[in-house]
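Worksheet for the structure shown next.
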Amino acid sequence: MDKNFQEEFTQIIKFKPPLYKQRHQFVKDLVEKYKPKKVADLGCADCSLLRMLKFCSCIEVLAGLDICANVMKEKMHTLSPLPVDYLQPSERSLTITLHHGSVAHKDPCMLGFDLVTCIELIEHLEEPELKKFPEVVFGFMAPSIVVISTPNSEFNPLLPGVILYRHPDHKFEWNQAQFQSWALATARCYDYSVEFTGVGHPPTGMEKAGFCTQIGVFIRKYPQTGESLQSEKPTEVIYETVFKAVYPSLKDEKYLQNAVISEVIFTAQIIKHRLMSKHEEYGNDPERKSKFQPSVDCFSDYLGKLVVEKNMEPFVSGNEVYIPLATIFSFPKVNRLCGTFEKLCKLIAGKVTLSSDGSAVMVNIECED
Ligand code: SAH
């Protein structure tokens with residue numbers, strides 16, 4: 001490499017966005033492409049990748065593993081659900097777990113994952129650990145996809161201040177040929193295919209240096225191992241669980257019930273308000289009152305159609321407004337939450353005031369709630 005050219009570049013190379021963000025974005029794009037449900041991040045450090053992945057709506061199980069418990073513990077609280085997660089539980093379930101242990105050991109908690117990410121991990125492994133790593137990840141965990149990133153040593157001369165390795169804890173840094181031959185041999189041994197790419201483009205004229213971070217994406221060639229084979233695997237627990245968060249989800253009956261009750265009461269109140277405002281508008285004119293249909297704006301248009309088509313008309317009797325449950329069930333959000341009319345009845349039983357025959361929600365005219 002021309003030394004002057006090289007020096008010129010070492011002054012100016014600065015990745016935008018920063019390289020670690022590009023690596024994490026690469027994983028996020030992969031998640032969006034393959035939609036894995038269960039993702040494990042090995043060597044998760046301060047959990048920054050997990051924090052990003054928890055927003056991917058396809059993921060239901062997220063796990064992190066690191067040999068250094070302290071680095072995980074620093075920010076693990078940021079993986080806990082927020083108040084808003086309880087106020088508006090998500091439709092998907094999400095469990096996040098952090099384990100303390102080494103990728104050189106097998107633990108049953110690492111079975112069943114669809115995607116395993118090893119971002120800037122392997123270069124931190126001592127030789128004996130690196131030897132065991134393929135058997136643990138590709139042989140034991142055997143997910144459908146593995147992504148491994150590691151520094152490309154051919155890029156180092158372009159980085160300012162790098163003498164031997166980019167980080168004092170690195171045990172080695174491979175050039176492109178070294179990484180690719182290790183990855184190809186590993187893929188062949190465990191029946192995976194592998195494709196190479198990277199993040200951090202080299203400057204124009206320096207393309208031979210390759211990406212600053214080299215990445216291998218491994219895809220398992222054989223179909224899902226199935227429960228039978230998984231159960232043959234050792235079950236000895238070695239890792240220590242240091243964090244577990246179960247996010248509130250509508251898949252959990254107690255959160256679903258709360259959501260349905262709120263939605264039923266909200267819908268009933270809106271219908272009541274429409275009804276009462278029409279009542280006042282028509283006043284006491286008996287002719288106009290007889291033509292009364294609660295259908296003015298778009299919400300009421302919808303309600304009006306239901307009333308006309310299905311005879312599900314809300315009515316006032318004494319101090320109470322009666323809103324047929326069938327009408328409430330027809331509203332898209334209630335319908336989507338409950339799925340069936342029977343489920344709606346079951347979820348609100350004893351929680352919402354109903355007419356004596358159970359067919360309508362009763363709302364007091366004066367009650368402003
Ligand atoms: N993946 C992170 C940072 C990686 S730094 C990111 O994308 O930002 C490498 C991490 O691997 C460190 O946190 C280190 O503690 C962890 N590590 C090193 N050896 C390990 C081993 N044998 N098993 C599991 N984690 C290990």
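When a ligand or atom number is given, it counts from 1 through the structure's own listing order.
- No N or O atom of Leu65 sits closer than 3.5 Å to an N or O atom of ligand 1.
- The ligand atoms of ligand 1 that sit less than 4.0 angstrom from a heavy atom of Glu129 are 22 (N).
- With a heavy-atom cut-off of 4.0 Å, Asp41 does not touch ligand 1 at all.
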inquiry  = salt bridge (Lys or Arg N to Asp or Glu O under 4.0 Å), that's the test. Do Arg23 and Glu120 meet it? Break it down for me.
reply    = CA-CA 9 Å; Arg23 288 191 286 262; Glu120 306 299 273; 3.5 Å; yes
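- Of all heavy-atom pairs between Glu173 and Leu164, the closest is OE1-O, 4.1 Å.
- Per-residue contacts place Cys68 under 4.0 angstrom from the following atoms of ligand 1 (heavy atoms of the residue considered): 15 (O).
- Closest of all the heavy-atom pairs between Gln178 and Trp174 is OE1-CA, 3.3 Å.
- Using a cutoff of 4.0 Å between basic side-chain nitrogens and carboxylate oxygens, Lys132 and Glu126 are not scored as salt-bridged.
- Shown here is Lys333, whose NZ atom has no more than 12 heavy atoms of other residues, nucleotides or ligands within 6.0 Å.
- Listed by atom number, the atoms of ligand 1 under 4.0 Å from Ala45 heavy atoms are 3 (C), 13 (O).
- Between Asn175 and Ser153, the side chains place no donor N or O within less than 3.5 Å of an acceptor N or O (distance only, hydrogens not considered).
- The N/O atoms of Ile119, backbone and side chain alike, include one that comes under 3.5 Å of an N/O atom in ligand 1.
- Taking only non-hydrogen atoms, the option from His24, Glu120, Lys171, Arg23 nearest to atom 6 (C) of ligand 1 is His24.
- Ionic pairing of Lys208 and Glu154 is not present here: no N-O contact between side-chain nitrogen and carboxylate oxygen is shorter than 4.0 angstrom.
- The side-chain tip of Arg220 points at the ring of Tyr222 from less than 6.0 angstrom away and within 45° of straight on.
- Taking any N or O of His124, backbone or side chain, none lies under 3.5 Å from an N or O belonging to ligand 1.
- Residue contacts with ligand 1: Gly101 is included, with a non-hydrogen atom under 4.0 Å away.
- Between Leu121 and ligand 1, a contact under 3.5 Å exists for no N or O pair.
- Residue contact check for ligand 1: Leu49 places no non-hydrogen atom closer than 4.0 Å to it.
- For a threshold of 3.5 Å applied to N or O pairs, the pair formed by Leu125 and ligand 1 contains no separation below that value.
- Residue contact check: Gly43 has heavy atoms under 4.0 Å from atoms 1 (N), 2 (C), 3 (C), 4 (C), 10 (C), 11 (O), 25 (N) of ligand 1.
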